[in-house]
Each structure stands twice: as structure tokens, then as C-alpha cells.
Amino acid sequence: MPQAVPLSWYLALSAVLFTLGVAGFLFRRNIVTMFMSIELMLNAVNLTFVVISYRLRQVDGQIFTFFVMVVAAAEAAVGLAIILTVFKNRATLQVDDLSTMKD
Amino acid sequence: MQHLWIIPALPLLGFLIDGLAGRRLPKTAIHAVAAGTVALSFLWVLKTVIALQPLQTAHVERYFDWIRVGEFRIGFDLAADRLTAVMLLVVTGVGLLIHVYSIGYMAHEGGYYRFFAYLNLFMFFMLTLVLAANFLLMFVGWEGVGLCSYLLIGFWFRRKSATNAANKAFIVNRIGDFGFSLALFLIFLNFKSLDFGAVFNGLAGWRADTGMGTLTIIGLLLLVGATGKSAQLPLYVWLPDAMEGPTPVSALIHAATMVTAGVYMIARAAPLYLKAPIAMDWVAGIGLATAFFAATIGMVQTDIKRVFAYSTVSQLGYMFLGVGTGAFGAGIFHLVTHAFFKALLFLGAGSVIHALAGEQDMRRMGGLRTKTPVTFWTMLAAAAAISALPFTSGFYSKDEILVSAFHRSPVLFWIGIVTAAMTAFYVFRAIFLVFFGTCRGEAHAHESPPVMTLPLIVLAVLSLGGGAFQVSKWLRPMFPETASPENPMLLAASVGAACGGVLVAWVLYWWRPALPDIVAARLKWLYVAAVNKYKVDEIYGAVVVRPLVAVSREVLWKGIDVEVIDGAVNGTGRRALGLGGLLRLAQSGNIRSYATWVLLGAVSLLIALGVLGGVR
Amino acid sequence: MDPILFLIFAAIAVLCGINVVLQTHPISSALSLVGVMASLAVLYLLLGAQFLAAAQVIVYAGAIMVLFIFVIMLLNTGRERRTRGSFLGRLLGPPLLVILLGSVTFVILRTAPRDAGVRFGTYTGGTVESFGRALFTTYLWPFEIASILVLIAIVGAVALAYKEID
Amino acid sequence: MNYLLLAAIKAAVVAGVLLLTLLYLQWVERKVIAHIQVRLGPHRVGPHGLLQPIADTLKLLTKEDLLPPGVNRFYFILAPFLAISLSLVSIAVIPFGPDVHMAGVRTSLQLADLNIGVVFVLAISSLTVYGVVLAGWSSNSKYPLLGALRSSAQMISYELPLGMAVASVLLVSNSLSLRKIVETQSGFYGGFFPAWNLFRLPFPQVFGFVIFLIAVFAETNRVPFDLPEAESELVAGFHTEYSSMKFAGFFMSEYANMITVTCMATALFLGGWLPLWPVSLGSNYAPAAVFGAAGAIAIYHGLHPARKRDRRSLQVVGALLCAAGALFLIPAIRTLVEPLFWFLAKTGLLLLLFIWVRGTLPRFRYDQLMRFGWSFLFPVAVANLMITALLVALVG
């Protein structure tokens, strides 16, 4: 076993996580879960940012990750508010029941 | 840095305050703001002019780039030279007086704040026009004053005639503005800039073109613009109707400032005109024709404001004659004096109308000499000035113009003299009809409040002593020397003309009141024609307006709009529906399907770039 | 030492990730996601991004996911029903995912630098000092704009959800 | 290897002390409250009820561990463990004292000196919400759910003022490592006045300290902010459905949180292990003096006992105390004990404050709580942060 972890491992990990996120978005039927899958993808991308910033010995990558976090927070707030509204109007979170723009 | 921008900024501020909050403000606050801002900017003008002494060369201030498209750069630049200084003083000074006057005149009108907001807005645009350092910014002011004139003519928008007059003014001005904008395009095309400085420096490379060269065309197009704004033949028709607006508006916009914008513009473009003699001849010709033509109409009008309206047109003609014959200084000088006495005439007329509770027909006035003494004496002064009686302001300015006209060609001079005589006649006719004899109306007159008479007095002093200003001499450095040695013969002629006009008026309307009808009966056809303003409006209506309307309705609306455009639109709509029907199959509204599509795209991109060797 | 730690936490992350996808109850997914984030935070530590690790825990685990769990508890919609929504998704999804993972890993393996890998402690650029310095000098404007963005998001969220919670 | 062994030893010691404190803090609380309310408090089990905690623990251990029907098993069981472990973790970064030499080994009285210690603590405390929320949700019953929602909302709301108060401290002593923060507070103004962050120029963090205290009261769900377990309205809040050991878990976690936050307060504001007055004025004899005095008092009471059986016990205790005081006079031990003494003294006083408040104040209403938090505490915290930043920027 190598003494140091190859970068490719980290990147592969992020790839796997990203794919999992996509899968979740494709196959889950609950809006909230799909939303969480998006967060998962974001995290995967964040990991690559940090890895590359480690590789380049520059803090910028981490800063990008930081901004991704901020945006994710804003997104979560608004998105969940929207979900609340949707639930109020439709009384369901199943995306397949939400395929029309107005009832 | 003299912070020229403050000059227009102040009235704009006033406009914003009155226009936005005016509804809630008390009247005192409203007119305090309006007049106050104008007064402040007048003071600032004084300070600036004094600070910039002797102002031999233009003082330019560049603030920021307004438009920048490739080589096309228009800065928000203001400039001040002697010409500008004169205009600034006139605009802010007279404007201030008229603001004060309006406080009294509009006291009982509705839409008080609206009126003052519009006035301030007008001041802003007018000052922008005057201060602009390039043609486009000038054009902005040009259009802005047009807008304000429209708003103020139609101030009593419940009156159909008022709104019609407003529309007429606006539309007729459009024609002129069209010419102006064409001129701007040509200028930019040829000089690659619209800055006055740049353009006029660029002119050095050109030699005066004798034929219909570029410069001549530009000059003529500018002239078209000027005729529109300054109510010259053939576009003067809107000005008499513009009298529908409140009298202070007629005084400020349609006598003192806005209508003189054309003259200012031509004087501003003097270097260009000097290289386009043909254009200059046109200017002079149109000016003189307008002067004469309008004077004849003015002689027989009975509505006091219309009389002064036509006299304004004719005096503007004089100014055009002046600048057209190369006496730019004289033209501007006459502009200044005219601003004084014509504003005074209008304000006086307003005071009379005010006194007679809205009566405008001179035949139902009379004998106001004793009832409204201040108005009478001030208007008398104005009348003396406009009919160029010796040693009044009008005397000097008009004389200079006539002299330069004479040096151009005696014909111009003699026509000018005749016009001068007519001017004297119709003005004093008005004076006699209004102030002498016995009151033929029923309204019991009363003198206006001091807030109205004070401006009258100030203006009266100015129009009597305004000749002392020596504007044209001061403007010498700006314009090439116009060789016009004083000539006692000419002087005598013009004085004689003036006195003759006055005398005739006295004979007809005071000594022998029966005579006018006899004269009218003798020269029936002429009289009728003049009274009907030579049916110009009707001719325009028949020749221009009605065909236009017909064409628009029959061809453009029923033909092109309905058939072609609507047809095309609807057809497109139908096609879109058909296509959408196909595409709708993809729009299942199911997020996960969309996600799948996105994924498909992402993967294909990834393969294209990453795997098939986009990367490394 | 490093590889062991990495493998442990990578394994946790992947397992939790799989759990996020497989669990049918949103709460379970949410908590698994928290697990992913926590393990990622540890990985950040290994990568020398100390502040980021803390921020990851505070922002993601401490704030965002709490928000999610709130909403889930509030709406209290139990397990999701098995609706057969997207035929396309079921048809194309799996192969596309495989291709995605395959191609990405392919690209990674081909382009990732072979040189010295990640060793804990060899890079300490992620300290609060350096991070803050970069954030408040080079990235000042983005930072301010981000703050405005968050403010707008707050207002928007309140405006959207205000009357809903009753 | 040596390092690992040392770490293990330290961890063991800290854990032991912590758990013991947990047990007896509760005893102390009951006693103090009792005396505030003019009662005796636990008095039966052992002398002055000293064995009460152990009895309680045994009781909780031996009670039936019942699982209500309809709960979500996994999370129901997970919640208390989450709570207790999270509340115990953050003690790791608390520095109890400076580096000390013991048997030739040089070590710091701290489990782990992270250079982001403060942020670490904040992160952990931001996670403690999960325990509550999960407990409330998985109980599948309305009171716990309401309680959980309330308490988590309350925790989140009061985390902001908390963070801001801490941030202002960080501004004053620019470091995130708790050890460094404490070290920057050493020194005395005018040779006798401690330069703790509480009094630290340019801007004494008095407001910060108060805000911090209020916030942690809310964070630890203590009176007057103990709405989650507002008996009158919510039975027992989020742990209504819990019993026996799981209940004990929540119970312990609450007290552990108390200890942690008081340690934090000590380290951040009260200069950690630093003495109140300089050594030149003999601060290093304080422990001995205090213990001696305590012993003396005990012996005195032993000589004039209130009850018969106290005669011997009190004298023995007094003798032990005096002996300890004498022991602390030995330089080798003194150097080791002194900082610990100061640290524990400050923390203990803060804990007493907690208990005292509980004995004194009534409970807020929920809307009052939220309004207070958002429209008073938060703005004040912001203002405090701003002023601090400004002054630091001006001075530094």
C-alpha cells in the first residue's frame, strides 16, 4: 500500500459520489430527496475543488468550494420554501404527480 | 472647473420636487421651489460668467461618456462661450421673471404644481440645449423643449382646441426635427464627430462650396430644423395655435426662449454656414419672407395674443434675416431685445386678459389706460421697443440687422423697412384698441397684483434700455467681422418707417375710428385673405393632412396591416401550433425525463471532449 | 496511515451516498447525506483544508441539512410511493449512469497527475489565516455579492413560505 | 507510541473526571436548588446524600428499557447516543492548563490543540440539534415532535449571537486555537488587574460575555430557556417517550453541554487557567489557602456539630482538606495544580451561576424567547462585533 494517497483516488471518489447524486435525481420520486441528490452532486464537485487546490498548493479552490456552500445554502432556503408552497397547493411531494404546471 | 452642470441641474431638481411631491405641497412651497431653483441657477450663471471673464475662447467641461460605440463617442459635455453666456443670461433671467409672474397669473388655476413642474422641466431642457457642447446633446435639449412646449400648450387638456394645438405643435416640429437629425447624420458622416469644437476645426479643411455641396445640404437641413422650432415659413403654422397655452407659457416658450432656439442653433453653426453661402441666402430669404408674411397677417388679427404670436413669427424672421446676412451678432442681439419686449408684450397681454377675466378679443377691450396704468405704461414701452422707435432697445438691434441686410442687397433692406412699418402699425393698433377709447366689453377691469406687475416693470426697463448692452459688439470675437458702417440714410429710413407705422395706427384707430372698415372694404380680397391667414392651415390640411390620413387608413391599415402583417402573424402562429404539437410529445412535464435528457447531453459532451481526446 | 484513513472515510462516504439513493424514506436519506458530508469534512482535513472542513460541518450538516429535516418533519410525508413516472428515465437511466461513471473515471485516470499524492500535513494552505486573507483581498467582491445573494434568498424564502407554515 | 500512550492516559483522566462531574454536578444542583428553596435536598442516601447520584444511576440502569410502539426504532435508539457523544466530543479541545512537566514528560493539559479549536466547538454544537430533532421525530408522538421543533429552532436561533460573541473574542485575540486565546490573555494591567478578554482593551468583552452566557443558556436548554422540556405544556419535550438509560443519555448530554460551554466561557473570556492576580502578589498560594480555609471551616463545624454524627465525619473531611492544602504547598505539585485550580474554580463558579439562575428565574414563553433572541440579542451581538472590530482596527 502506497504511503501517500494518489490524487486519482480522491477524484474517483468524487466521480462516484457525483454519479450517485445523478442516480438519486433520476430514480427517486420525492422532491426533497431529489433536492438532496443535488446537494450530493455539489459535494462531489466541492471535493474535486479541494483536491485540486491541494495539488496546486493554492487556496483558491477551497474558496470556490466556500462559495458553492454559500450558494447551496441560499438554494436550499429558497428551494425548500418552494417545496413548502408546492406541498400546500398539491398536498404531495411525488414529482410524478406534479407533471402539470397548473391544475 | 466651473460646474456648469449645476445650471441645468437646479431646475431639474425643482421639476423633480414639484413633479413628484407637488400634489402634497402647499402652493407657496410649489412656486417657492420652482422660482427659487431658477433664481439660483440665474445667480450661478452670473457667477460663472463673471468667473469666466473675458471668455475669449469656449470653456468646455467633460463629465462622462454618454454614448460610446466604436469610433462614435458622445460625451456629456457642457461648454460655455460668449454666445452661450448671452443665451444663459436671457433664458434664466427672463425665465425667472416669468416664473414670478406666473405665481400671480396661475394663482387660481388647477394643476398648479403641474404647471410649475413643466416650467422647470422646460428650463432644464432649454439650458441643456444652450450649454450643450455637441450637436447630439443639443438635440436632446431641442427635443426636450419641444416636449415641454407640447405639455404646456395642452396644459388645459380638457379643452379640445388646446390638445389639438399641442398635437399640431408637436407634429409640425417633428418635421423640422427630422431635418435636424438628418443634418446630424451628415455631419457625423463627414466629420466623424459631433463635438462643436471638432466639427468646426474639421471645417478648416473644407473650402466654401458654391454649388449644392455637402455643407450646403447640411446647412439647409439644419435650416429645416430651425424653421420647425422657430416657426418660420413654411412650418410657422403651429405657433399661432400655440397661444392656447397659458399666457406665461406663450411669453416664456413661444416668444422669449424656445422659438429662438433655431436662431441660436444657426448662430452656433455659423462657421458651417459661412462656408455654405447658398444656405445662408436661404436663411435670409426665408427669414425675410416670414417676417413680411406674418406681419401682414398680424395687422388684421383681433385676438390680442394671436397678434403678438404673428409678430413673434415676424420678429423671428428678422433674426433669421440677420444671421442669414452674416450679422450673427445682430441676430443674437435682436434675439435678446426681442426676448425682453416680446415677453413683456405677452405678459402685459396676460395682465390685460387677467384684468378682463379672460377676454382676448381686442374689439371688446379699450380704455384700460386708466384702469391698469402699470400694464399700460409697460406695454407702451414694449410697443415702442418692438416698433424700433429711436433709442429703445429694438431700435439698435433691428437697425443693425437692416444695415447688414442692406449691405447684402438693398431689396432685402426695403422689404425689411416695410415690414418694420407694418410691425409698428399692428403693435400700436393693439395698444390703441386695448388702452384708449372707451371699454367696449362688459368686464370691469382691475390692475394685476404686484407679483405680476413687478416683472412687467423690470422688463419694461430692459426693453427701453436694453440697447445699452452692446451684445453684438461683445460677440465680435465669435463671429467674423460684419462690415456694416452706420449709414444715416438707412437710419432715417428705419426711423421714418417706424414713426409712419405708429402714425397710421394712430390715424386709423384713434383719430378716425371709422376708417379701418372703409379700408377693409376697399381692399376686401386682401383683407379677407389676411384675416383668414391666407388659408394656409386649410391648404396644408388639403394638401398634406387629408391625403396622409386617407392613405394611412385605406392602404396602410386596411391593406397592409390587416392583410399582410396580421396574416403573417396569424400564419406564424398556426405554423407554431403545428410544430408545437410535435414538440409537445417531448414536454412530458416529468422532471425525471428532463433530467434524463440533460444527462444524455452531458454524457455525450463528456465523451466528445474527454474520451475522444478533447482533453490532452 | 493516510491511505487507511482515506479508505475508511471514502468507504463511509460511498456507503452513505448509496444509502441516500436507496432509502425510500426522506429522513433516512437526509441523515445518510449528513454522513457523507461529515466524512467529506474529514477528507478535507486530510487535504489540509481545516477551515473548509469546519465550514462543511457547520454550513452543510449544521444548517442546510437541518433545514431539510425540518421540512421533512413539517410535511411528514412518509415513504415515497412507487409511481411509474418516467419510462424514458427507467429505460435510458442505468446505461447512461454507467457510461457517465465510466467515462469520468477514464478521463480522471488518464489526466490525473501521477506525481506525489496527498499526504496529511504537507500542505497547510487551508488555515483560517490564509483562507481569510484570500477571501478578503482577492475575492472580496464575490464575497460581498454572495452575502447579498444570501440576503435575497432569505427574503425570498420568507416571502414564499411565510403563510404556508400554519 | 509514547505520544499515543500519553494521549490515551489524558483521555482516560479527562473522561473519568468529566463523568464524575456529570454525576455530582447533578447532586450539587439539587442541593443548591434545595437550599435556595429552603429545603435540605437529597439527604438520605449517604452523608448529605452524597451517594444519591450513584443510586440514581443504578436505578436508571436497572429500569426496564421500553420501546414505545410506533416509534422509528433505529433513530429512536440512535438519538440519545448522538446527543451524548456529540456533547462529550467538544471537551477534547478545552485547555485546562499550560504545558507541564511530569515525570520527565512534557505535555499540555489538553487533549487536542486544534488550531481551529473554536470553530470545531461551534461545528459540534451545531450538530447537537440532530439528537434532539431525531428523538422528537422518531418518537412519533406529538409532544416530542413539538418539543423537538421548538428546541431545534431555539438552538439554531441562538447559535448566531453565540457565534458573534465568540467572533468578537477572536477579533481581540486573533487566533482560533483555544490555547493561544488563553495565552494571549496573560499579563496584568497596572501589575494587578487581569488582562482577560473580559477586561481586555481596547474593548472589554463584557457584553460579549453576557451575550455568550445568555446564548449558551438557550443552547443547553436550561432555565429560563428550557422550553423543550416545559413540563406544563409539553410534558417532557423531545424526550417524553424515553426511559431508563436512553433518558439518562439525554440527561447526561445536557449536563455535559453545560460543562463544555462553561469551560469555553472560561477559556474565552475569563483567561482560562490564568490566575486572578499575579504571582508576585502570591497567587500561587491561593489553592493551598482556599483548601486550608475550607478544612478549617469543616473542622470548626466538626467541633460544634449541628448533629451528633457530624462530629467525626466533618473533622475527617476538614483534616483531608487541610492535608490537600498542605500538599499544594510542595512546589512540584503546586506548579501542576495551580492552573488546574484556577480553571476549575472559574468553571465551577459559572456552573454555580447556571444552577443559581435555574433556582431563580421563571421560564420564558416561546414567542418571548424568539423575539428576545432575534430582535434583541442578535442586534446587540452584531453591534458588539462591529464596535470590537472597529476599535481593534483603530488600535491594531
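To find a chain, count down the sequence lines: A is the first, B the second, and so on, and within it residues start at 1. The model shown is predicted, which means the values in this text are computed figures rather than measured ones.
Nearest heavy atom pair, residue A157(C) against residue A77(A), reads CB-O, 3.9 Å. Listed here is the closest heavy atom pair of L26(A) and G93(C): CD1-CA, 3.9 Å. The nearest pair of heavy atoms linking P142(C) to F67(A) is CB-CZ, 3.5 Å. Listed here is the closest heavy atom pair of V50(A) and A49(C): CG1-CB, 4.0 Å. The two residues Q62(A) and G48(C) come nearest to each other via the heavy atoms NE2-O, 4.3 Å.
Here CZ of F35(A) is found 11.5 Å from CG of L33(C). Values are rounded to the nearest 0.5 Å. To the nearest 0.5 Å, atom CD1 of residue I64(C) and atom CE of residue M69(A) are 8.5 Å apart. Rounding to the nearest 0.5 angstrom, the gap separating the OG1 atom in T19(A) from the CG atom in L97(C) is 7.0 Å. One finds the CG atom of L160(C) at 12.5 Å from the NZ atom of K88(A) (value rounded to the nearest 0.5 Å). Taken to the nearest 0.5 Å, the OG atom of S39(C) stands 8.0 Å off from the CG atom of L17(A). Between the CG atom in L43(C) and the OH atom in Y54(A) there is a gap of 13.0 Å [rounded to 0.5 Å].
Between chain C and the residues T92(A), I83(A), V78(A), the most heavy-atom pairs under 4.5 angstrom are made by V78(A). Interface remark: of the candidates V71(A), V70(A), D60(A), D60(A) forms the most heavy-atom pairs closer than 4.5 Å to chain C. Taking chain A as the reference chain and counting heavy-atom pairs below 4.5 Å, the highest number among C16(C), S130(C), P26(C) is found for P26(C). In terms of heavy-atom pairs under 4.5 Å with chain A, the best-connected choice from A13(C), A30(C), S147(C) is A30(C). Annotation: maximal heavy-atom pairing with chain A below 4.5 Å, among T105(C), V59(C), L75(C), V71(C), occurs at L75(C). Heavy-atom pairs under 4.5 Å with chain C peak, among L42(A), I63(A), V22(A), T65(A), at I63(A).
With a 4.5 Å cut-off on non-hydrogen atoms, F70(C) does not touch chain A at all. Only the side chain of L40(C) comes within contact range of chain A, with at least one heavy atom under 4.5 Å from a heavy atom of that chain. Residue contact with chain A, scored on non-hydrogen atoms closer than 4.5 Å, involves the side chain of Y60(C) exclusively. Only the side chain of I108(C) comes within contact range of chain A, with heavy atoms under 4.5 Å apart. Residue L22(C) touches chain A through its backbone alone, counting heavy-atom pairs closer than 4.5 Å. Looking at L100(C), the atoms closer than 4.5 Å to chain A (heavy atoms on both sides) all sit in the side chain, from C-beta outward. For chain A, no part of A63(C) is nearby; none of its heavy atoms comes within less than 4.5 Å. The part of L13(A) that comes within reach of chain C is its side chain, from C-beta onward, which places non-hydrogen atoms under 4.5 angstrom from that chain. Residue L47(C) touches chain A through both its backbone and its side chain, counting heavy-atom pairs closer than 4.5 Å. Contact of L52(C) with chain A is made through backbone and side chain together, with heavy-atom distances under 4.5 Å. The contact between L67(C) and chain A is made by backbone and side chain atoms together, counting heavy-atom distances below 4.5 Å. I82(A) touches chain C through backbone and side chain together, each having a heavy atom under 4.5 Å away. There is no contact between F25(A) and chain C, counting heavy-atom distances below 4.5 Å. Heavy atoms closer than 4.5 Å to chain C are found in the backbone of Q58(A), but not in its side chain. Heavy atoms of F64(A) lying under 4.5 Å from chain C belong exclusively to its side chain. Only the side chain of T33(A) comes within contact range of chain C, with heavy atoms under 4.5 Å apart. Of the two parts of V104(C), only the side chain, counted from C-beta on, holds a non-hydrogen atom closer than 4.5 Å to a non-hydrogen atom of chain A. With a 4.5 Å cut-off on non-hydrogen atoms, L47(A) touches chain C through its backbone and its side chain both.
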Is there a side-chain contact (heavy atoms from CB on, under 4.5 Å) between V36(C) and M36(A)? Walk through the geometry before answering.
CA-CA 11 Å; V36(C) 176; M36(A) 285 192 270; over 6 Å; no
Let's go through N30(A) and H25(C) carefully: what are the C-alpha distance in whole Å and the side-chain angles of both, what is the deciding distance for side-chain contact (heavy atoms from CB on, under 4.5 Å) to 0.1 Å, and is it a yes or a no?
CA-CA 9 Å; N30(A) 186 322; H25(C) 200 297; over 6 Å; no
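Using a 4.5 Å cut-off on side-chain heavy atoms (C-beta onward), R28(A) and V20(C) make no contact. Looking at heavy atoms from C-beta onward, F51(C) lies out of side-chain contact with V59(A) at the 4.5 angstrom threshold. Under the 4.5 Å side-chain criterion, counting only non-hydrogen atoms from C-beta, Y44(C) is not in contact with V51(A). Side chains of L7(C) and W9(A) form a contact here, defined as non-hydrogen atoms less than 4.5 Å apart.
Using a 30° and 60° split on the angle between ring planes, F66(A) and F131(C) fall in the perpendicular class, above 60°.
With no hydrogens or angles considered, no side-chain donor-acceptor pair links N46(A) and Q56(C) at under 3.5 Å.
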